[in-house]
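Reviewing the structure listed below.
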Amino acid sequence: MASRVALVTGGTRGIGRAISIALKDAGRKVIANYAGNDDAAKAFEAETGIATAKFDVGDFAAVSEVVQKITADTGPIEILVNNAGITRDGTLHKMDEGQWDAVIQTNLGSCFNTCRAVIDGMRARSFGRIVNVGSINGQMGQYGQVNYAAAKSGIHGFTKALAQEGAGKGITVNAIAPGYVDTDMVRAVPPNVLEKIIARIPMGRLGRAEDIARGVMFLTADDADFITGSTLSINGGQHMY
Ligand code: CAA
């Protein structure tokens, strides 16, 4: 596969880590973004040889600056995976403005920030592969997650709109909607609640990060040039949409 530059946000841990590794193994030049966990990023770099970049995906100016630097130092970003995401769960009647703003800005604002920073370059070269990681909870809602469900649902709309804009320019834009995957984020769900969720997954288990990476590889392939605006659900059969 062509050695294209790929930026994976939230790319050093959880689902993003598996995506970064899979892209590297396929011959891509990967840059894995992370927000705060320096120790995890250092360990990831040492283990995989993948370069990391620390910045806040919710910060428009920071994203633009880093994208310019990557373009100058490594080359134009031709594959973008918007994977970074956080949860601040709580029922609406207990949720404060900070929980709402943080999730909307990090999970959805980030898609605007990164896509805006790379889109001119992709349009100029008539090539781009963008994958936005949504969620089963953006498709069907989830008790305790009005913020997260709204952001992830927003990602699905964002994807379909940008797909239409990119179609004439060789840029594909797709979403993946993971179900419950075995990561730190999902393990933070109270055990009694998680148990009930797993009981509703027909496959009878949590997903693996590699299950999601497999979808990203499919959608970012050079010859995946007729697949755009789609949502690939990878959820063990929990929600068929
Ligand atoms: N549907 C209906 N009722 C529910 C419910 C559900 N899914 N979950 C909890 N309840 C009910 C409880 O039974 C309880 O009712 P009673 O008071 O009558 O007993 C009431 O709601 C309060 O429940 P909690 O004690 O759990 O309330 P809490 O305020 O302590 O916590 C919560 C609420 C934060 C939402 C907690 O239940 C929770 O963390 N739930 C999990 C949310 C979740 O699935 N998050 C996904 C994170 S992973 C992710 O987001 C990745 C991805 O993309 C899939």
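Both counts, for ligands and for their atoms, begin at 1 and track the order of listing.
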- request: Please check if a non-hydrogen protein atom sits closer than 4.0 Å to atom 32 (C) of ligand 1.
  value: no
message: Closer than 4.0 Å to some heavy atom of Ser135 - which atoms of ligand 1 meet that?
response: 52 (C), 53 (O), 54 (C)
- request: Please determine if Lys94 has a nitrogen or oxygen closer than 3.5 Å to a nitrogen or oxygen of ligand 1.
  value: yes
message: Taking the basic N atoms (NZ, or NE/NH1/NH2) and the acidic carboxylate oxygens, is any pair closer than 4.0 Å for Arg28 and Asp222?
response: yes
field: Asn113 and Val57, any side-chain heavy atoms less than 4.5 Å apart
entry: no
- prompt: Does a salt bridge link Arg208 with Asp182, judged by any charged N lying under 4.0 Å from a carboxylate O?
  reply: no
task: Look at atom 44 (O) of ligand 1 and say whether a protein heavy atom is found at less than 4.0 angstrom from it.
output: yes
message: Minimum distance, heavy atoms only, to atom 54 (C) of ligand 1: which one of Asn137, Thr91, Asn192, Asp89 is it?
response: Asn137
task: For atom 17 (O) of ligand 1, decide whether some protein heavy-atom distance is shorter than 4.0 Å.
output: no
Verdict with supporting geometry, Thr52 and Glu45, side chain to side chain contact (heavy atoms under 4.5 Å, CB included): CA-CA 7 Å; Thr52 61; Glu45 242 184 41; 2.6 Å; yes
Within-cutoff protein neighbour (heavy atom, under 4.0 Å) for atom 6 (C) of ligand 1: yes
query: atom 35 (C) of ligand 1: which protein heavy atom is closest, and how many Å away?
result: Gly144 CA, 3.5 Å
statement: Per side chain to side chain contact (heavy atoms under 4.5 Å, CB included), Gln145 is matched among Asn137, Leu92, Val103 by Asn137
Close-contact set for ligand 1 against Ile197 heavy atoms, below 4.0 Å: 44 (O)
query: Of the backbone atoms (N, CA, C, O) and the side-chain heavy atoms from C-beta on, which set of Lys196 has a member under 4.0 Å from an atom of ligand 1: side chain, backbone, both, or neither?
result: neither
task: May I ask whether atom 24 (P) of ligand 1 is less than 4.0 Å from at least one protein heavy atom?
output: no
- prompt: atom 8 (N) of ligand 1: which protein heavy atom is closest, and how many Å away?
  reply: Tyr143 CD2, 3.4 Å
task: Pull out every atom of ligand 1 sitting under 4.0 Å from any heavy atom of Val189, numbered as shown with elements.
output: 41 (C), 45 (N), 46 (C), 47 (C)
- request: Quick one: look up the protein heavy atom nearest atom 51 (C) of ligand 1 and list residue, atom name and how far away it is.
  value: Tyr148 OH, 3.4 Å
- line: One finds that the ligand 1 atoms under 4.0 Å from a non-hydrogen atom of Tyr180 are 43 (C), 44 (O), 46 (C), 54 (C)
task: Might you point out which heavy atoms bring Gly204 and Ile198 nearest each other, and give the distance in Å?
output: O-CG2, 4.0 Å
query: Just to confirm, does any protein heavy atom lie below 4.0 Å from atom 10 (N) of ligand 1?
result: yes
- prompt: Among protein heavy atoms, which lies nearest atom 48 (S) of ligand 1, and at what distance?
  reply: Val186 CG2, 3.7 Å
message: Give the atom numbers and elements of ligand 1 that come within less than 4.0 Å of a heavy atom of Gly179.
response: 54 (C)
statement: Pro190 heavy atoms within 4.0 Å reach ligand 1 at atoms 38 (C), 39 (O)
query: What atoms of ligand 1 come closer than 4.0 angstrom to any heavy atom of Thr87?
result: 50 (O)
Is_contact(atom 39 (O) of ligand 1), protein non-hydrogen, under 4.0 Å: yes
message: Applying a heavy-atom cut-off of 4.0 Å, say which part of Val181 lies close to ligand 1: side chain, backbone, both or neither.
response: neither
- request: Would you confirm whether any non-hydrogen atom of the protein falls under 4.0 Å from atom 21 (O) of ligand 1?
  value: yes
